[in-house]
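Here the structure comes first, spelled out in C-alpha coordinates, and everything after it is commentary.
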Amino acid sequence: MARQTITWMSAFLCLAQVCSMPMPCQLQGQLVRITHNLLRDMGGHFPLECLQENVFMAFPSTAFAISGAPQLSSSGATAIYETLKNIDTLFGADDLPTKWDQQKLENFQNIVYRQIEESKCMMVSVDTSDYLIRAEGLNTYFGNIATVLKEKNFSYCAWEVVRKELLYTLQFILEHNSDSLLWANRT
(Lines give C-alpha, C1' and ligand atoms only; values in the text may rest on other atoms or scores of the structure.)
Protein backbone atom coordinates (compact mmCIF):
# COMPACT_ATOMS: atom_id res chain seq x y z
CA MET A 1 0.00 0.00 0.00
CA ALA A 2 2.83 2.40 0.87
CA ARG A 3 4.59 1.62 -2.43
CA GLN A 4 1.43 2.30 -4.38
CA THR A 5 0.97 5.63 -2.60
CA ILE A 6 4.59 6.60 -3.24
CA THR A 7 4.26 5.57 -6.89
CA TRP A 8 1.14 7.69 -7.35
CA MET A 9 2.70 10.66 -5.58
CA SER A 10 5.84 10.36 -7.71
CA ALA A 11 3.75 10.24 -10.88
CA PHE A 12 1.77 13.27 -9.72
CA LEU A 13 4.94 15.24 -8.92
CA CYS A 14 6.47 14.40 -12.31
CA LEU A 15 3.28 15.49 -14.06
CA ALA A 16 3.17 18.70 -12.02
CA GLN A 17 6.79 19.44 -12.97
CA VAL A 18 6.14 18.89 -16.69
CA CYS A 19 2.96 20.99 -16.65
CA SER A 20 4.66 23.86 -14.88
CA MET A 21 7.48 24.17 -17.41
CA PRO A 22 7.75 27.67 -18.88
CA MET A 23 6.24 28.48 -22.26
CA PRO A 24 8.63 29.13 -25.11
CA CYS A 25 9.62 32.75 -25.52
CA GLN A 26 7.14 33.63 -28.23
CA LEU A 27 4.21 36.00 -28.56
CA GLN A 28 0.84 34.26 -28.42
CA GLY A 29 -1.17 34.63 -31.60
CA GLN A 30 -4.53 34.33 -29.88
CA LEU A 31 -3.66 37.23 -27.56
CA VAL A 32 -2.64 39.39 -30.52
CA ARG A 33 -5.99 38.55 -32.17
CA ILE A 34 -7.91 39.36 -28.96
CA THR A 35 -5.97 42.63 -28.67
CA HIS A 36 -6.98 43.54 -32.22
CA ASN A 37 -10.63 42.64 -31.62
CA LEU A 38 -10.84 44.61 -28.36
CA LEU A 39 -9.35 47.66 -30.04
CA ARG A 40 -11.79 47.27 -32.94
CA ASP A 41 -14.82 46.81 -30.69
CA MET A 42 -14.10 49.45 -28.05
CA GLY A 43 -15.04 52.32 -30.35
CA GLY A 44 -16.90 51.07 -33.38
CA HIS A 45 -16.41 52.52 -36.87
CA PHE A 46 -14.28 55.58 -37.51
CA PRO A 47 -16.55 58.53 -36.57
CA LEU A 48 -17.74 60.82 -39.35
CA GLU A 49 -17.06 63.88 -37.20
CA CYS A 50 -13.37 62.90 -37.16
CA LEU A 51 -12.86 62.60 -40.93
CA GLN A 52 -11.27 66.04 -41.21
CA GLU A 53 -8.81 65.14 -38.41
CA ASN A 54 -7.73 61.95 -40.18
CA VAL A 55 -4.13 62.06 -41.32
CA PHE A 56 -1.99 59.72 -43.39
CA MET A 57 0.86 57.99 -41.60
CA ALA A 58 3.24 55.81 -43.58
CA PHE A 59 3.14 52.31 -42.15
CA PRO A 60 6.60 50.70 -41.72
CA SER A 61 5.85 47.36 -43.38
CA THR A 62 9.60 46.81 -43.84
CA ALA A 63 9.91 46.48 -40.05
CA PHE A 64 7.93 43.24 -40.34
CA ALA A 65 9.38 42.01 -43.64
CA ILE A 66 10.24 38.35 -43.91
CA SER A 67 13.86 37.88 -44.92
CA GLY A 68 14.15 34.67 -46.93
CA ALA A 69 12.88 32.18 -44.34
CA PRO A 70 9.20 31.25 -44.01
CA GLN A 71 9.28 32.47 -40.42
CA LEU A 72 10.39 35.83 -39.14
CA SER A 73 13.94 36.34 -38.05
CA SER A 74 14.42 37.02 -34.36
CA SER A 75 14.61 40.74 -35.12
CA GLY A 76 11.30 40.55 -37.00
CA ALA A 77 9.60 38.89 -34.02
CA THR A 78 11.19 41.53 -31.83
CA ALA A 79 9.60 44.18 -34.07
CA ILE A 80 6.21 42.81 -33.02
CA TYR A 81 7.31 42.94 -29.39
CA GLU A 82 8.50 46.55 -29.84
CA THR A 83 5.17 47.39 -31.47
CA LEU A 84 3.34 46.16 -28.39
CA LYS A 85 5.65 48.19 -26.15
CA ASN A 86 4.91 51.30 -28.19
CA ILE A 87 1.17 50.62 -28.00
CA ASP A 88 1.48 50.26 -24.22
CA THR A 89 3.31 53.59 -24.03
CA LEU A 90 0.65 55.36 -26.09
CA PHE A 91 -2.13 53.99 -23.92
CA GLY A 92 -0.30 54.93 -20.74
CA ALA A 93 -1.64 58.48 -21.19
CA ASP A 94 -4.20 59.82 -18.75
CA ASP A 95 -6.31 61.43 -21.47
CA LEU A 96 -7.91 58.31 -22.96
CA PRO A 97 -11.33 58.75 -24.61
CA THR A 98 -14.31 58.32 -22.31
CA LYS A 99 -16.55 57.55 -25.33
CA TRP A 100 -14.85 54.16 -25.74
CA ASP A 101 -16.11 51.06 -23.93
CA GLN A 102 -14.06 51.35 -20.72
CA GLN A 103 -14.12 47.63 -19.92
CA LYS A 104 -12.80 46.73 -23.37
CA LEU A 105 -10.19 49.46 -23.07
CA GLU A 106 -9.02 48.09 -19.72
CA ASN A 107 -8.93 44.52 -21.07
CA PHE A 108 -6.98 45.75 -24.10
CA GLN A 109 -4.40 47.48 -21.91
CA ASN A 110 -4.06 44.44 -19.64
CA ILE A 111 -3.53 42.01 -22.52
CA VAL A 112 -0.96 44.25 -24.20
CA TYR A 113 0.91 44.52 -20.89
CA ARG A 114 0.70 40.74 -20.35
CA GLN A 115 2.15 40.04 -23.80
CA ILE A 116 5.05 42.39 -23.13
CA GLU A 117 5.80 40.88 -19.72
CA GLU A 118 5.63 37.29 -20.95
CA SER A 119 7.84 37.99 -23.96
CA LYS A 120 10.68 40.07 -22.48
CA CYS A 121 12.99 37.12 -23.03
CA MET A 122 12.82 37.86 -26.78
CA MET A 123 15.17 40.79 -26.21
CA VAL A 124 17.96 38.45 -25.12
CA SER A 125 18.48 37.01 -28.59
CA VAL A 126 18.03 40.02 -30.86
CA ASP A 127 19.58 39.64 -34.31
CA THR A 128 21.24 43.04 -34.58
CA SER A 129 22.03 42.67 -38.29
CA ASP A 130 18.71 44.14 -39.35
CA TYR A 131 16.99 44.99 -36.09
CA LEU A 132 18.26 48.59 -36.02
CA ILE A 133 16.66 49.30 -39.40
CA ARG A 134 13.39 47.77 -38.23
CA ALA A 135 13.51 49.67 -34.92
CA GLU A 136 14.15 52.96 -36.74
CA GLY A 137 11.04 52.49 -38.88
CA LEU A 138 8.92 51.64 -35.84
CA ASN A 139 10.28 54.58 -33.83
CA THR A 140 9.44 56.99 -36.66
CA TYR A 141 5.94 55.53 -37.06
CA PHE A 142 5.06 55.58 -33.36
CA GLY A 143 6.72 58.98 -32.98
CA ASN A 144 4.37 60.31 -35.68
CA ILE A 145 1.39 58.77 -33.89
CA ALA A 146 2.42 60.36 -30.59
CA THR A 147 2.90 63.72 -32.35
CA VAL A 148 -0.65 63.58 -33.75
CA LEU A 149 -1.99 62.97 -30.25
CA LYS A 150 -0.02 65.88 -28.79
CA GLU A 151 -0.78 68.30 -31.62
CA LYS A 152 -4.49 67.58 -31.30
CA ASN A 153 -4.37 67.80 -27.49
CA PHE A 154 -5.32 64.16 -26.98
CA SER A 155 -8.78 64.84 -28.40
CA TYR A 156 -11.30 62.11 -29.06
CA CYS A 157 -10.71 62.39 -32.82
CA ALA A 158 -6.94 62.18 -32.37
CA TRP A 159 -7.44 58.96 -30.40
CA GLU A 160 -9.68 57.64 -33.18
CA VAL A 161 -6.87 58.27 -35.67
CA VAL A 162 -4.51 56.37 -33.35
CA ARG A 163 -7.00 53.52 -33.00
CA LYS A 164 -7.36 53.32 -36.80
CA GLU A 165 -3.58 53.15 -37.26
CA LEU A 166 -3.12 50.53 -34.55
CA LEU A 167 -5.92 48.39 -35.96
CA TYR A 168 -4.12 48.42 -39.30
CA THR A 169 -0.84 47.54 -37.60
CA LEU A 170 -2.28 44.60 -35.64
CA GLN A 171 -4.19 43.35 -38.68
CA PHE A 172 -0.99 43.49 -40.74
CA ILE A 173 0.83 41.44 -38.10
CA LEU A 174 -1.96 38.86 -37.99
CA GLU A 175 -2.15 38.55 -41.79
CA HIS A 176 1.53 38.72 -42.72
CA ASN A 177 3.43 37.53 -39.66
CA SER A 178 1.21 34.94 -38.00
CA ASP A 179 3.90 32.26 -38.47
CA SER A 180 6.04 34.08 -35.91
CA LEU A 181 3.28 33.86 -33.29
CA LEU A 182 2.52 30.89 -31.07
CA TRP A 183 -0.95 29.48 -31.80
CA ALA A 184 -2.63 26.92 -29.56
CA ASN A 185 -4.28 24.03 -31.45
CA ARG A 186 -3.56 25.51 -34.87
CA THR A 187 -3.92 23.12 -37.78
Write down the atom of L31, the atom of I111, and the distance for their closest heavy-atom approach.
-> O-CG2, 3.8 Å

Under 3.5 Å, sequence neighbours excluded: what are the donor-acceptor pairs made by side chains of residues 102-110?
unit_1: Q102; atom_1: NE2; unit_2: P97; atom_2: O; d: 3.0
unit_1: Q102; atom_1: NE2; unit_2: W100; atom_2: O; d: 2.9
unit_1: Q103; atom_1: NE2; unit_2: N107; atom_2: OD1; d: 3.1
unit_1: N107; atom_1: ND2; unit_2: Q103; atom_2: O; d: 3.4
unit_1: Q109; atom_1: NE2; unit_2: F91; atom_2: O; d: 2.8
unit_1: N110; atom_1: ND2; unit_2: E106; atom_2: O; d: 3.3

Which atom of T35 lies closest to which atom of Q115, heavy atoms considered = OG1-NE2, 3.0 Å

Can you measure from CZ (R134) to CD1 (I80) and round to the nearest 0.5 angstrom?
-> 9.5 Å

Sorted by chain and residue number, the side-chain hydrogen bond (donor to acceptor under 3.5 Å, both in side chains) partners of T169 (sequence neighbours excluded) come out as Y141

Out of curiosity, does L90 fall in the hydrophobic cluster containing Y113 (side-chain heavy atoms, cut-off under 4.5 Å, transitive links)?
-> no

To the nearest 0.5 Å, how far apart are CG in L38 and CZ in R33?
-> 13.0 Å

Using the rule that two of Ile, Leu, Val, Met, Phe, Trp, Tyr join whenever any of their side-chain heavy atoms come within less than 4.5 Å, decide whether F64 and M57 are in one cluster.
-> yes

Counting distance only, does the side-chain N/O of R40 pair as donor-acceptor with the main-chain N or O of L167 below 3.5 Å?
-> no

Point-to-point distance, once rounded to the nearest 0.5 Å, from CD1 of I116 to CG of L27 = 9.5 Å

Under 3.5 Å, side-chain donor or acceptor atoms of residues 146-156 against the rest of the protein: list the pairs with distances, not counting sequence neighbours.
unit_1: T147; atom_1: OG1; unit_2: G143; atom_2: O; d: 2.8
unit_1: K152; atom_1: NZ; unit_2: E53; atom_2: OE1; d: 3.4
unit_1: S155; atom_1: OG; unit_2: K152; atom_2: O; d: 3.3
unit_1: S155; atom_1: OG; unit_2: A158; atom_2: N; d: 3.1
unit_1: Y156; atom_1: OH; unit_2: E160; atom_2: OE2; d: 3.2

May I ask you to test the V162-W159 pair for a side-chain heavy-atom distance under 4.5 Å?
-> yes

Taken to the nearest 0.5 Å, the spacing of F46 CZ from C157 SG works out to 6.5 Å

Spacing of F56 atom CZ and N54 atom CG [to the nearest 0.5 Å] = 11.0 Å

Crowded around Q171 CD? As in, over 12 foreign heavy atoms under 6.0 Å?
-> yes

Hey, what do you get for CG (L166) to CG (N86), rounding to the nearest 0.5 Å?
-> 9.5 Å

Residue list, side-chain hydrogen bond (donor to acceptor under 3.5 Å, both in side chains) with Q52, at least two apart or on another chain | none

Across all chains, not counting sequence neighbours, the side-chain hydrogen bond (donor to acceptor under 3.5 Å, both in side chains) partners of K99 are none

Start with the C-alpha gap between F142 and T89, add the side-chain angles, then the distance that decides, and say whether side chain to side chain contact (heavy atoms under 4.5 Å, CB included) holds.
-> CA-CA 10 Å; F142 282 101; T89 300; over 6 Å; no

Is R163 reaching over with its side chain to a backbone N or O of L39, donor-acceptor style, under 3.5 angstrom?
-> yes

Would H45 and K164 satisfy side chain to side chain contact (heavy atoms under 4.5 Å, CB included), going step by step from the backbone distance to the final call?
-> CA-CA 9 Å; H45 296 292; K164 174 194 65 111; over 6 Å; no

For L51, does the CG atom have more than 12 heavy-atom neighbours from other residues, nucleotides or ligands under 6.0 Å away?
-> yes

Of the non-hydrogen atoms in L138 and A79, which two are nearest, and what is the gap between them?
-> CD1-O, 3.5 Å

Hphob cluster co-occupancy, L170 + L96, side-chain heavy atoms under 4.5 angstrom = yes

List in chain and number order the residues that pass side-chain hydrogen bond (donor to acceptor under 3.5 Å, both in side chains) with K85, two or more places apart in sequence or in another chain; answer none if no residue qualifies.
-> none

